[in-house]
Amino acid sequence: MLEFNFLFFAVAIPATVFAGISKGGFGSGVAFASSSILALILTPTQALALMLPLLMLIDVATLRPYWRRWSWPDARVLIIGGIPGVLLGIWLFQITNDDILRLLIGGISLAFVAWQMVHRPQVSHRLPASIGALAGIVAGFTSFVSHAGGPPAAVYLLSQHLTKTQFQATTVLLFWVINIAKVIPYAWLGLFTMQTMLANLMLAPFALLGAWLGVKAHHLVSERLFFGVTYVLLTVTGCKLIWDALI
């Protein structure tokens, strides 16, 4: 049961604003940190169900400023792979439990930080469409189970030598489509409840605020500072989720 107490809002409001800033201004997929943070005070399924409608609202809010500024050929390749990835996510949800999801979300959080710290890719040649489709499958799967589809998509998109705005716009379009594809399966799996929907209504203004701030930050804020704070958050929350799953 969700409890709308001080702790809930103290964690959920900053997490929601952070998701909006990330999705609105930066294309490396760190918005999933919000789900990781929420999973510290909610069950993983509650955190995922709570975040999906908010992420979709942010998608709609950020589509307009980036409209038609994306690379459609690259987006199409990733979308084609992303839908089968979502189907894999549905299968996993039917055979797993909350502790396994905590391990998965925590592991993805730490792996993302390690990937960025050790080998943030600067690919000199363009990866073929077949690799893009594979990246789309991984993005669709990780997006379904943890809202963390950004890193695999980023690996492919970075190799295409897009401009910063093209990269961001393509990411917005890709996850707008993938998030829509996740709605019916989430409902079918029983993830949405009246409580999560009520929480969505209360947090929606903060999601829109974050999206607006993110579009502004796209041109004004240092990515190094933004991602530095994100990596600290992901490291702490990832370790906590793994600890909670194992004890």
Side-chain angles (χ1 to χ4, degrees), residues 15-35 51-83 85-86 112 116 120-123 126-127 129 132-133 135-136 138-140 142-144 147-183 200 203-227 229-230:
T16 301
V17 173
F18 177 86
I21 293 173
S22 175
K23 286 181 68 67
F26 304 93
S28 293
V30 293
F32 86 94
S34 298
S35 299
M51 282 306 304
L52 180 57
L54 296 173
L55 293 174
M56 295 179 68
L57 178 62
I58 295 167
D59 289 336
V60 173
T62 53
L63 268 177
R64 183 172 181 178
Y66 295 113
W67 188 257
R68 293 187 180 276
R69 304 179 76 178
W70 48 67
S71 170
W72 170 242
D74 295 317
R76 182 180 62 226
V77 167
L78 289 168
I79 290 169
I80 289 172
I83 302 305
V86 168
F112 178 81
Q116 291 284 342
R120 189 172 183 179
Q122 297 294 333
V123 185
R126 295 178 186 272
L127 294 175
V138 179
T142 54
S143 179
F144 192 91
H147 298 319
V155 170
Y156 175 71
L157 291 176
L158 287 170
S159 78
Q160 305 307 300
H161 307 301
L162 306 178
T163 66
K164 177 182 177 181
T165 300
Q166 280 181 314
F167 181 85
Q168 175 64 21
T170 305
T171 302
V172 168
L173 176 62
L174 168 65
F175 290 104
W176 176 58
V177 174
I178 287 180
N179 284 337
I180 290 174
K182 287 153 56 177
V183 172
N200 289 150
L203 293 172
F206 299 100
L208 294 174
L209 172 62
W212 180 81
L213 290 172
V215 173
K216 298 295 182 182
H218 179 71
H219 302 288
L220 299 176
V221 174
S222 164
E223 290 190 17
R224 181 182 297 272
L225 173 62
F226 179 80
F227 289 126
V229 173
T230 300

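By the 6.0 Å contact criterion, CZ on Arg76 is enclosed, its count of non-hydrogen atoms from other residues, nucleotides or ligands being greater than 12. Counting non-hydrogen atoms of neighbouring residues, nucleotides and ligands closer than 6.0 angstrom, the CH2 atom of Trp176 reaches no more than 12 such neighbours.
The nearest pair of heavy atoms linking Gly132 to Val77 is C-CG1, 3.4 Å. Taking each heavy atom of Ala211 and Ile58 in turn, the nearest pair found is CB-CG2, 4.0 Å. Here the closest heavy-atom approach between residue Ala61 and residue Pro65 is recorded as O-CD, 3.5 Å.
Between Lys23 and Val172, the closest side-chain pair of non-hydrogen atoms is not below 4.5 Å. With a 4.5 Å cut-off on side-chain heavy atoms, Tyr156 and Asp74 count as touching. Side-chain contact between Trp72 and Leu173 is present, with heavy atoms from C-beta onward closer than 4.5 Å. Taking the side chain as every heavy atom from C-beta outward, Thr62 and Trp212 never approach each other to under 4.5 Å. You'll find the side chain of Leu54 stays beyond 4.5 Å of the side chain of Ser34, heavy atoms only. Between Ile178 and Ile79 the shortest side-chain heavy-atom distance does not fall below 4.5 Å. Gln160 is not listed as a side-chain neighbour of Gln166, based on a closest heavy-atom distance of 4.5 Å or more.
Note that the NZ atom of Lys182 and the CD1 atom of Ile83 stand 11.0 Å from one another [nearest 0.5 Å]. Here OG of Ser35 is found 4.5 Å from NE2 of His147. Values are rounded to the nearest 0.5 Å. Of the inter-residue distances, the one linking Tyr66 atom OH with Gln168 atom CD reads 4.5 Å to the nearest 0.5 angstrom. Taking CZ from Phe206 and CG from Leu57, the interatomic distance works out to 13.0 Å, rounded to the nearest 0.5 Å. Interatomic distance, Leu174 CG to Leu78 CG, rounded to the nearest 0.5 Å: 5.5 Å. A distance of 12.0 Å separates CG of Leu209 from CG of Leu203, quoted to the nearest 0.5 Å.
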Using the rule given for side chain to side chain contact (heavy atoms under 4.5 Å, CB included), can you reason through Leu63 versus Trp70, listing the C-alpha separation, both sets of side-chain angles and the distance that settles it, and then say yes or no?
CA-CA 10 Å; Leu63 268 177; Trp70 48 67; 4.0 Å; yes

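Side-chain atoms of Thr170 come within 3.5 Å of backbone N or O of Ser71 as a donor-acceptor pair.
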